[in-house]
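What follows is a single structure, written as structure tokens, with notes after it.
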Amino acid sequence: VQLAAERLATVHHIAGATIVQPAHDHVRQAVLSGLDVETKAFWHEGLARAFEELHGDEQAVVEHWLAAGHPVNAAHHAVAAAPLAEEALAFRRAAELYEIAITYGPWDAIGRRDLLRRQAHALVAAGQLDAAAAVYQHAAELLPDTDADGVDLQRLHIETLLRRGRLDEAIPAAAQL
């Protein structure tokens with residue numbers, strides 16, 4: 001109540017619960033700067049669990065699990081959050097979420113290749129064709145190209161190079177396909 005009177009926090013009463021929020025980001029930063037690493041991790045873990053229980057914002061869950069020091073948990077939620085970001089036309093954010101999933105997740109080669117494909121699609125949609133071409137190439141090289149999926153990834157790599165105007169790389173790659 002005193003924080004609210006001094007305009008440092010806002011207090012809301014919702015469904016019998018009292019919610020206190022900092023009135024300004026500077027107040028939040030000042031409070032956070034006084035916490036040690038372990039305490040911050042503890043609170044981030046609590047927030048991640050709360051968001052999970054509420055089936056809330058998947059991107060927030062990802063960020064809180066990362067800040068809590070649990071990147072594998074973040075990776076699993078990043079897989080769910082990335083398509084939501086794509087639906088919201090936040091393609092760069094989707095690509096970042098796929099990167100979190102790829103980096104920290106316990107995926108086998110097929111799972112990694114699928115996530116790389118999705119990341120490359122998001123990068124194409126974001127207009128980042130150079131990065132997308134590199135990701136497609138990495139995905140194509142992840143498993144032997146004896147299957148149709150590997151060949152399709154090589155095709156997407158070449159197609160992205162062509163869209164970017166990188167003929168000097170696309171033509172030799174197409175000749176090898």
Side-chain angles (χ1 to χ4, degrees), residues 12 14-15 17 19-22 25 28-29 31-157 159-160:
H12 303 280
I14 300 173
I19 300 172
V20 179
Q21 295 179 314
D25 193 50
R28 185 182 68 78
Q29 289 292 346
V31 170
L32 287 176
S33 69
L35 299 177
D36 60 44
V37 175
E38 293 82 18
T39 303
K40 286 180 187 177
F42 171 80
W43 284 107
H44 279 293
E45 183 173 338
L47 288 168
R49 290 184 191 283
F51 275 115
E52 283 179 337
E53 286 180 25
L54 296 172
H55 302 288
D57 183 1
E58 286 289 338
Q59 290 187 50
V61 176
V62 171
E63 297 306 322
H64 286 297
W65 276 128
L66 284 174
H70 298 284
V72 174
N73 292 358
H76 289 288
H77 286 281
V79 172
L84 298 174
E86 288 177 294
E87 287 174 18
L89 306 180
F91 299 112
R92 285 187 182 146
R93 180 63 181 149
E96 292 168 1
L97 289 163
Y98 285 125
E99 183 63 31
I100 290 168
I102 292 161
T103 302
Y104 299 116
W107 323 115
D108 62 7
I110 293 171
R112 284 180 57 80
R113 184 169 68 176
D114 178 57
L115 290 170
L116 286 165
R117 173 193 292 272
R118 295 203 235 155
Q119 180 186 32
H121 284 317
L123 288 166
V124 167
Q128 297 178 344
L129 298 178
D130 289 329
V135 173
Y136 278 133
Q137 183 177 20
H138 179 63
E141 294 170 350
L142 198 57
L143 291 171
D145 60 355
T146 56
D147 66 332
D149 198 38
V151 172
D152 188 49
L153 286 164
Q154 289 176 348
R155 179 192 58 79
L156 289 167
H157 169 244
E159 191 176 290
T160 306

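Within the structure, every pair that satisfies the side chain to side chain donor-acceptor pair (under 3.5 Å) test and touches residues 103-112, not counting sequence neighbours, is listed here: Glu99-Thr103. Applying the salt bridge (Lys or Arg N to Asp or Glu O under 4.0 Å) test to every pair with at least one member in residues 118-136, sequence neighbours left out, gives these pairs: Asp114-Arg118, Asp130-Arg164, Asp130-Arg166. Listed by first then second residue, pairs satisfying salt bridge (Lys or Arg N to Asp or Glu O under 4.0 Å) with a partner in residues 36-46 read Glu45-Arg49, not counting sequence neighbours.
Checked against ring-ring contact (aromatic ring centres under 6.0 Å, His included), His121 has the following partners two or more places apart in sequence or in another chain: Tyr136. Take Val72 and apply the side chain to side chain contact (heavy atoms under 4.5 Å, CB included) test, not counting sequence neighbours, and it matches His76, Pro106. Applying the salt bridge (charged side-chain N to carboxylate O under 4.0 Å, His left out) test to Glu58 and every residue at least two apart in sequence or in another chain returns nothing. Taking His64 as the reference, His44, Phe51 meet the ring-ring contact (aromatic ring centres under 6.0 Å, His included) condition, with sequence neighbours excluded. Partners of Asp57 according to the salt bridge (charged side-chain N to carboxylate O under 4.0 Å, His left out) rule, which considers only residues two or more places apart in sequence or in another chain, do not exist here. For Glu86, the salt bridge (charged side-chain N to carboxylate O under 4.0 Å, His left out) test picks out no residue, with sequence neighbours left out. Every residue was checked against the salt bridge (charged side-chain N to carboxylate O under 4.0 Å, His left out) condition with Arg92, not counting sequence neighbours, and none meets it. Here Ala90 pairs with Ala85, Arg93 under the side chain to side chain contact (heavy atoms under 4.5 Å, CB included) rule; sequence neighbours left out. Every residue meeting the side chain to side chain contact (heavy atoms under 4.5 Å, CB included) condition with Asp149, not counting sequence neighbours, appears here in chain and number order: Arg113, Arg117, Asp147, Leu153.
Closest approach of Ala122 to Ala94, counting heavy atoms only: CB-CB, 4.1 Å. Taking all atoms of both residues into account, the shortest heavy-atom contact from Ala101 to Ala75 is CB-O, 3.7 Å. Val124 and Ala132 get closest at one heavy-atom pair: CG2-CB, 3.5 Å. In terms of heavy atoms, Ala78 sits closest to Ile100 at CB-CG2, 4.1 Å. Looking at every heavy atom in both residues, Thr160 comes nearest to Ala133 through CG2-N, 3.8 Å.
For the atom pair Leu115 CG and Ile110 CD1, the distance stands at 12.5 Å (nearest 0.5 Å). Rounding to the nearest 0.5 Å gives a distance of 13.0 Å between NE2 of His77 and CD of Gln59. If you take CD on Gln137 and CG on Leu156, they are separated by 13.0 Å, rounding to the nearest 0.5 Å. In this structure, the separation between CD on Glu141 and CG on Leu116 is 11.0 Å, given to the nearest 0.5 Å.
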Report the C-alpha distance between His138 and Val135 in whole Å, list the side-chain angles of each, state the deciding distance to 0.1 Å, and finish with yes or no for side-chain contact (heavy atoms from CB on, under 4.5 Å). CA-CA 5 Å; His138 179 63; Val135 173; 5.6 Å; no
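More than 12 heavy atoms of other shown residues, nucleotides or ligands fall within 6.0 angstrom of atom CG in Leu35.
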